[in-house]
Amino acid sequence: MRLVLLGPPGAGKGTLAALLKESLELVHISTGDMLREEIKKETATGRAAKKFIEKGELVPDEFVIRLIEKKLTSDKRVAQGYLLDGFPRTRKQAEDLDRILRQIQQPLDYVLYMESTLPVIIQRLGGRRVCKNCGALYHLHNKPSKKEKVCDLCGGEVYQRADDNEATIRTRMDVYLKSTRPVIDYYKVQGKLKKLDGDKDSEEVQVALMQIFHEDHKLNKH
Ligand code: ADP
Ligand code: ADP
Ligand code: ZN
């Protein structure tokens with residue numbers, strides 16, 4: 001199955017992706033994670049992306065589209081199905097993704113829109129913590145690691161992303177409303193959009209999604 005996860009920062013895209021990756025054996029493709037990896041490796045893309053990410057702005061389309069195109073056309077694992085998390089984030093990215101998928105004849109199955117309200121988003125992003133080593137997601141109150149600042153899964157260091165501060169969160173929300181919201185309508189017109197309540201517990205969201213897959217007989221094809 002080929003899925004896209006859409007929604008504001010903090011809606012729980014990464015968390016749901018981690019759950020689905022396990023249960024459906026899908027490859028998790030997060031442009032945020034890919035860009036942070038480029039920064040870590042100090043590549044040209046990483047250097048260019050860093051200043052945008054720090055400000056909470058979008059990295060220019062051509063950089064992320066290039067990363068995604070390379071991934072979808074050269075990583076053999078994507079044949080087993082994948083989850084795009086945090087991409088596309090602009091109409092241009094959505095159009096280019098359609099072009100790439102037409103070329104490789106792999107249409108998307110669903111675009112999952114995780115709707116979430118502002119107070120929930122702010123609480124989640126303010127308390128979000130991430131494992132530096134494996135990317136596992138934690139939350140100071142909602143999902144603390146067993147041992148402070150140590151990842152339950154790999155023992156790596158659990159840290160707070162530099163862009164999860166109040167001022168940058170505000171910018172990211174503005175950017176979301178202006179640039180990413182239109183992507184929802186783009187997919188609605190295509191009839192691919194399914195809405196999920198991102199304010200709910202992640203397990204509840206997963207159950208609601210499995211119900212959709214069952215109704216559409218998607219799981220027996222897998
Ligand atoms: P969140 O989990 O809060 O939604 P991400 O990890 O997906 O954040 O993204 C972090 C930052 O990386 C974004 O604020 C943006 O600067 C950059 N980024 C990630 N994906 C994209 C994209 N598809 N287009 C442009 N910039 C992106
Ligand atoms: P996104 O990828 O959409 O930016 P994340 O999955 O990174 O969102 O979640 C943001 C923060 O909120 C993380 O700290 C995560 O542990 C927490 N979180 C995610 N989903 C839920 C949920 N359904 N209920 C409570 N906390 C959640
Ligand atoms: Zn870890």
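Being a predicted model, the structure only gives us computed values, none of them experimental. Start at 1 and go down the list; that is how both ligands and their atoms are numbered.
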Below 4.0 Å from ligand 1: does a non-hydrogen atom of R128 turn up there or not? yes
Do the side chains of [Y] and [X] get nearer than 4.5 Å, heavy atoms only?
| X | Y | answer |
| --- | --- | --- |
| K55 | T171 | no |
| S145 | D152 | yes |
| M1 | L20 | no |
| V111 | V183 | no |
| E38 | F63 | no |

Could you tell me whether [X] and ligand 2 have an N or O pair separated by under 3.5 Å?
| X | answer |
| --- | --- |
| P9 | no |
| S202 | yes |
| G127 | no |
| L125 | no |
| D199 | no |

Is R99 salt-bridged to E69, going by a charged N under 4.0 Å from an acidic O?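 Salt bridge present between R99 and E69.
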Salt bridge check: are E62 and R66 linked by an N-O gap of less than 4.0 Å?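 Not counted as a salt bridge, because no side-chain N and carboxylate O are separated by less than 4.0 Å.
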So which heavy atom on [X] is nearest to which on [Y], and how close?
| X | Y | value |
| --- | --- | --- |
| K192 | D109 | CD-O, 4.2 Å |
| Y138 | L153 | OH-N, 3.8 Å |
| M34 | L67 | CE-O, 3.9 Å |

What angle sits at the Zn ion (ligand 3) between SG of C154 and SG of C151, to 10°? 110°
Below 4.0 Å, non-hydrogen atoms only: which portion of N142 touches ligand 2? Side chain, backbone, both or neither.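 Side chain only.
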Within reach of ligand 2, part of D201 (heavy-atom separation under 4.0 Å): backbone
Among all protein heavy atoms, pick the one closest to [atom] and tell me residue, atom and distance.
| atom | result |
| --- | --- |
| atom 8 (O) of ligand 2 | G12 N, 3.2 Å |
| atom 23 (N) of ligand 2 | K200 O, 2.7 Å |
| atom 15 (C) of ligand 2 | T15 OG1, 3.7 Å |
| atom 24 (N) of ligand 1 | Q93 NE2, 2.9 Å |
| atom 2 (O) of ligand 2 | G14 N, 2.9 Å |
| atom 16 (O) of ligand 1 | E57 O, 2.6 Å |
| atom 4 (O) of ligand 2 | G10 N, 2.8 Å |
| atom 13 (C) of ligand 2 | Y138 O, 3.7 Å |

Under 4.0 Å from a heavy atom of G86: which atoms of ligand 1 are those, numbered in the order shown and with their elements? 20 (N), 21 (C), 22 (C), 23 (N)
Report, in ascending order of atom number, the atoms of ligand 1 lying under 4.0 Å from any heavy atom of I53.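 Answer, ordered by atom number: 12 (O), 16 (O), 17 (C).
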Candidate pair T168 and D163, rule side chain to side chain donor-acceptor pair (under 3.5 Å), full reasoning: CA-CA 6 Å; T168 314; D163 59 343; over 6 Å; no
Near L137, which atoms of ligand 2 are under 4.0 Å from a heavy atom of that residue? 6 (O), 7 (O)
Nearest non-hydrogen atom to [atom] belongs to which of [options]?
| atom | options | result |
| --- | --- | --- |
| atom 20 (N) of ligand 1 | V59, T31, V175, L5 | T31 |
| atom 10 (C) of ligand 1 | R161, R172, R124 | R161 |
| atom 7 (O) of ligand 1 | R36, R89, K13, E54 | R89 |

Tell me, please, whether F87 has K71 positioned over its six-membered ring: NZ or CZ under 6.0 Å from the ring centre and within 45 degrees of its axis?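 Judged by the rule (NZ or CZ under 6.0 Å from the ring centre, within 45° of its axis), K71 is not positioned above F87.
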Using a 4.0 Å heavy-atom cut-off, which part of V64 comes near ligand 1: side chain, backbone, both, or neither? side chain
Measure L35 to ligand 1 on non-hydrogen atoms and call it side chain, backbone, both or neither using the 4.0 Å cut-off.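 It is the side chain that gets close, since no backbone atom is under 4.0 Å.
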Only one of I68, D85, L83, V4 forms a side-chain contact (heavy atoms from CB on, under 4.5 Å) with I29, so which one is it?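 Only match with I29 under side-chain contact (heavy atoms from CB on, under 4.5 Å): I68.
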Can you measure from OG1 (T45) to CZ (R47) and round to the nearest 0.5 angstrom? 9.0 Å
Exercise: do Y82 and D75 side chains pair donor with acceptor under 3.5 Å: no
Does A11 have a non-hydrogen atom less than 4.0 Å from ligand 2?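 Yes, A11 has a heavy atom closer than 4.0 Å to ligand 2.
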